[in-house]
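This structure is a prediction, so every number in the text was calculated from the model and none was measured. Below, chains carry the letters A, B, ... as their sequence lines are ordered, and counting in each starts from 1.
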2 protein chains.
Amino acid sequence: MGVTLSPAKALQLWHDVNLHLIRGDEPDLSTRQITLLLTVYLEAPPHTVRDLAAKLGVSKPVITRALDSLGKLDLLTRRRDEADRRNVLVQRTVKGVLYLERLAETVGRLAKQV
Amino acid sequence: MGVTLSPAKALQLWHDVNLHLIRGDEPDLSTRQITLLLTVYLEAPPHTVRDLAAKLGVSKPVITRALDSLGKLDLLTRRRDEADRRNVLVQRTVKGVLYLERLAETVGRLAKQV
DNA sequence: TTTTATCGTTTCGGAGCCGTTTCATTCTGG
DNA sequence: CCAGAATGAAACGGCTCCGAAACGATAAAA
């Protein structure tokens, strides 16, 4: 349960992954965007704008705009909640799954090299 | 040599650390800025603007501006190279050391919880 | 039904980051 | 000594992000 990571190796891993993200062709996601994306994929639905804003500790417009950006990239999608049409439900996409699979592979591979 | 990290744990770790960065009071650093900061602290000096730009795969003005931003935060500092006054040498600061120590502690602690 | 509350979006003004191009300073080789 | 190369910074235009406040749509309460 849990992985032991010395301070030096933690920094090296953080450096290597970020460097990989910079050098890659993938579009750059902000810290808030990647955290939002991971939250939707790691936690159980449903995900509303309000809930996501609270979980991330940011304002609702930040979520709305991040959903705009991530939606354009097909990494997430929105749907109206028919049970309560005030709500918007945030859902996963195939491209989002593939994106995070690549990210997980990268982190895992670089951790092994540390 | 190296740490084994399953895909699920890699994503959870990436999520947790980014969430911690968002929620913290620390000023948000861009991916390029944090990578630059880590490069200076992990690799041996001297560090010139040109070398750092090449290592990160970005243009020189990106480095110049990142140094402006990180300099305002006292995380890095500039000094003229007296041997070749065209060069600027990027150097570490006490605040930068402390900042990265905190980051390393955070990554290590959250990795243990994964 | 009418009023109140909730939800997500839009608007507004401000700030930061980006790449390209241009520039001043400094060094180097003929 | 002087023309050319190298270095980092500044200027320019474009894009994105941010929080606060105002807004319409929907639901719940009175």
Side-chain angles (χ1 to χ4, degrees), chain A residues 18-40 45-91, chain B residues 18-19 21-40 45-91 99:
Chain A
N18 277 296
L19 181 59
H20 181 270
L21 293 177
I22 289 179
R23 303 198 82 118
D25 298 331
E26 309 278 351
D28 262 22
L29 300 184
S30 73
T31 306
R32 286 167 164 82
Q33 287 173 346
I34 187 64
T35 306
L36 169 60
L37 187 62
L38 282 165
T39 300
V40 172
H47 302 284
T48 68
V49 171
R50 174 187 164 74
D51 290 344
L52 292 168
K55 278 177 187 164
L56 269 61
V58 299
S59 64
K60 287 191 297 175
V62 167
I63 304 297
T64 293
R65 284 183 296 246
L67 291 177
D68 291 342
S69 304
L70 295 173
K72 276 181 194 167
L73 297 172
D74 270 329
L75 299 180
L76 281 180
T77 188
R78 273 187 269 222
R79 211 191 62 195
R80 273 285 161 196
D81 180 359
E82 293 302 332
D84 183 344
R85 293 185 52 75
R86 289 175 301 183
N87 287 335
V88 160
L89 303 180
V90 180
Q91 300 184 306
Chain B
N18 277 297
L19 181 59
L21 293 177
I22 288 179
R23 304 199 81 119
D25 298 330
E26 310 277 353
D28 262 23
L29 301 184
S30 73
T31 306
R32 286 166 164 82
Q33 287 173 345
I34 186 65
T35 306
L36 169 60
L37 187 62
L38 282 165
T39 299
V40 171
H47 302 285
T48 67
V49 171
R50 174 187 164 74
D51 290 344
L52 291 168
K55 278 178 186 163
L56 269 61
V58 299
S59 63
K60 286 192 296 176
V62 167
I63 303 296
T64 293
R65 284 183 298 246
L67 291 177
D68 291 343
S69 304
L70 295 173
K72 278 182 193 166
L73 298 172
D74 270 327
L75 299 179
L76 281 180
T77 188
R78 273 186 268 221
R79 211 191 63 197
R80 273 287 162 195
D81 180 358
E82 294 301 332
D84 182 345
R85 293 185 52 77
R86 290 174 301 182
N87 287 335
V88 160
L89 302 180
V90 180
Q91 300 184 306
Y99 179 92

Inset, instruction - May I ask you to say what A:Ser69 touches in the nucleic acid, namely base, sugar-phosphate or nothing, with a heavy-atom cut-off under 4.0 Å? - result: sugar-phosphate
Inset, instruction - May I ask you to say what A:Arg65 touches in the nucleic acid, namely base, sugar-phosphate or nothing, with a heavy-atom cut-off under 4.0 Å? - result: base
Legend entry - Earlier contact from the 5' end, DNA chain C, for A:Leu89 and B:Asp28: A:Leu89
Legend entry - side-chain contact (heavy atoms from CB on, under 4.5 Å) between A:Arg78 and A:Leu67, worked out: CA-CA 8 Å; A:Arg78 273 187 269 222; A:Leu67 291 177; 3.7 Å; yes
Inset, instruction - May I ask you to say whether B:Asp51 pairs ionically with B:Lys60, meaning some side-chain N is under 4.0 Å from a carboxylate O? - result: no
Inset, instruction - Answer yes or no: is there an ion pair linking A:Asp28 with B:Arg32, defined by an N-O contact shorter than 4.0 Å? - result: yes
Is the phosphate of [N] approached by [X] (side-chain N or O, under 4.0 Å from OP1 or OP2)?
X       : N      : result
B:Thr64 : D:dG8  : no
A:Asn87 : C:dT6  : no
A:Arg50 : C:dT6  : no
A:Arg32 : D:dT16 : no
B:Arg78 : D:dT7  : no
A:Gln33 : D:dC17 : yes

Between the side chain of [X] and the main-chain N/O of [Y], is any donor-acceptor distance below 3.5 Å?
X       : Y       : value
A:Arg23 : A:Asn18 : no
B:His47 : B:Leu89 : no
B:Arg80 : B:Arg86 : yes

Legend entry - Nucleotide-resolved protein contact map, nucleotides 25-30 of chain D, B/S/- at heavy-atom distance under 4.0 Å: -BS---
Legend entry - Whole-Å distance separating the CG atom of A:Leu36 from the P atom of C:dG8: 13 Å
Legend entry - Nucleotide C:dT21, atom C1' - distance to NZ of B:Lys60 in whole Å: 12 Å
Legend entry - Which nucleotide in D:dC18, D:dA21, D:dA10 has an atom nearest any side-chain atom of B:Pro61: D:dA10
Inset, instruction - Can you see which heavy atom on B:Leu36 is nearest to which on B:Ala66, and at what distance? - result: CD2-CB, 3.5 Å
